[in-house]
Amino acid sequence: YFIHFTSDPVVNPSGTIMSINSAVEALKQGHIVTYFAAGDGVRILLKDVINNLHTVTSHGGGFGKISQMSEKLLLEFSNNGGIIHVSEGSFLTYGINQENYKAHLIDIAEVLWSYPKQLIEESSKADIVFSY
């Protein structure tokens, strides 16, 4: 499975939550899953964005629960073999790079810094592609 996430989490929290849940569920079902965050979608990995996801959606009753659950699921995904690619160019527009990302991103197991070349390579390996 290849999950391509390009939506701004603040503008499209429903798509954000679906992208995370889809990736986690596919992994739980035994599939190889790549989650590729690009464009504004890279923001979901930022601590300040994911920790405040509950402020832009009524999912989870508008409390911090949806933020906590989303971070927990992304960490679970990365710690259980899920592959996370991020667009290096997209992150650069937010001032995030390979030298400073640990201060800004949630603590995922491994970040694969990628460009369109890797986007095409990774998506072409998948049997199923989702885009949010």
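- The side chain to side chain donor-acceptor pair (under 3.5 Å) search around T6 returns none, not counting sequence neighbours.
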Evaluation steps, side-chain contact (heavy atoms from CB on, under 4.5 Å), between Y35 and F77: CA-CA 9 Å; Y35 189 92; F77 176 77; 3.7 Å; yes

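- Among residue pairs with one or both ends in residues 68-77, none qualify as side-chain hydrogen bond (donor to acceptor under 3.5 Å, both in side chains); sequence neighbours excluded.
- Scanning all heavy atoms of the two residues, the minimum distance from I3 to S22 falls at CD1-CB, 3.9 Å.
- Between H4 and F130 there is no side-chain heavy-atom pair separated by less than 4.5 Å.
- Within a 6.0 Å sphere centred on CD1 of I32, other residues, nucleotides and ligands contribute 12 heavy atoms or fewer.
- For the residue pair Y132 / S14, no side-chain donor-acceptor distance below 3.5 Å is found, with atom types taken as modelled.
- For the atom pair CG of L74 and CD1 of I84, the computed distance is 5.5 Å after rounding to the nearest 0.5 Å.
- Considering every non-hydrogen atom in both Q118 and F36, the closest pair reads C-CE1, 4.0 Å.
- Closest of all the heavy-atom pairs between I108 and L75 is N-CD2, 3.8 Å.
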Give the intermediate values and the outcome of side-chain contact (heavy atoms from CB on, under 4.5 Å) for residues V33 and I83. CA-CA 6 Å; V33 184; I83 302 160; over 6 Å; no

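- Cluster partners of V11 are absent, since no Ile, Leu, Val, Met, Phe, Trp or Tyr has side-chain heavy atoms less than 4.5 Å from it.
- Here the CD-CD distance, from E88 to Q98, works out to 4.5 Å after rounding to the nearest 0.5 Å.
- Rounded to the nearest 0.5 Å, atoms OG1 (T55) and CD1 (I66) are 12.0 Å apart.
- Of all heavy-atom pairs between K47 and K102, the closest is NZ-O, 3.6 Å.
- When every heavy atom of S90 is checked against every heavy atom of A38, the shortest pair comes out as OG-C, 3.8 Å.
- Taking CD1 of I128 as the reference point, atom OH of Y1 lies at 3.5 Å (rounded to 0.5 Å).
- Checking I50, V49, D48, T16 one by one against R43, the side-chain contact (heavy atoms from CB on, under 4.5 Å) holds for a single residue, V49.
- Side-chain atoms of Q29 never come within 3.5 Å of backbone atoms of A26 as a donor-acceptor pair (strictly under, hydrogens ignored).
- Between A109 and N79 the shortest heavy-atom distance is CB-OD1, 3.5 Å.
- Of the inter-residue distances, the one linking S78 atom OG with L73 atom CG reads 11.0 Å to the nearest 0.5 angstrom.
- With respect to the salt-bridge test (charged N to carboxylate O, under 4.0 angstrom), the residues K28 and E25 do not qualify.
- Both I96 and V10 are part of a single hydrophobic cluster, where members link through side-chain heavy atoms under 4.5 Å apart.
- More than 12 non-hydrogen atoms from other residues, nucleotides or ligands lie less than 6.0 angstrom from CG of N97.
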What verdict does the side-chain contact (heavy atoms from CB on, under 4.5 Å) test give for V86 and F5, after you've listed the backbone C-alpha separation in whole Å, the side-chain angles of each residue and the deciding distance to 0.1 Å? CA-CA 10 Å; V86 297; F5 183 63; over 6 Å; no

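- Going from atom CE of M69 over to atom CG of L53 covers 9.0 Å, rounded to the nearest 0.5 Å.
- The residue from F91, Y94, W113 that alone fulfils the ring pair (Phe, Tyr, Trp, His ring centres under 6.0 Å) condition with Y101 is W113.
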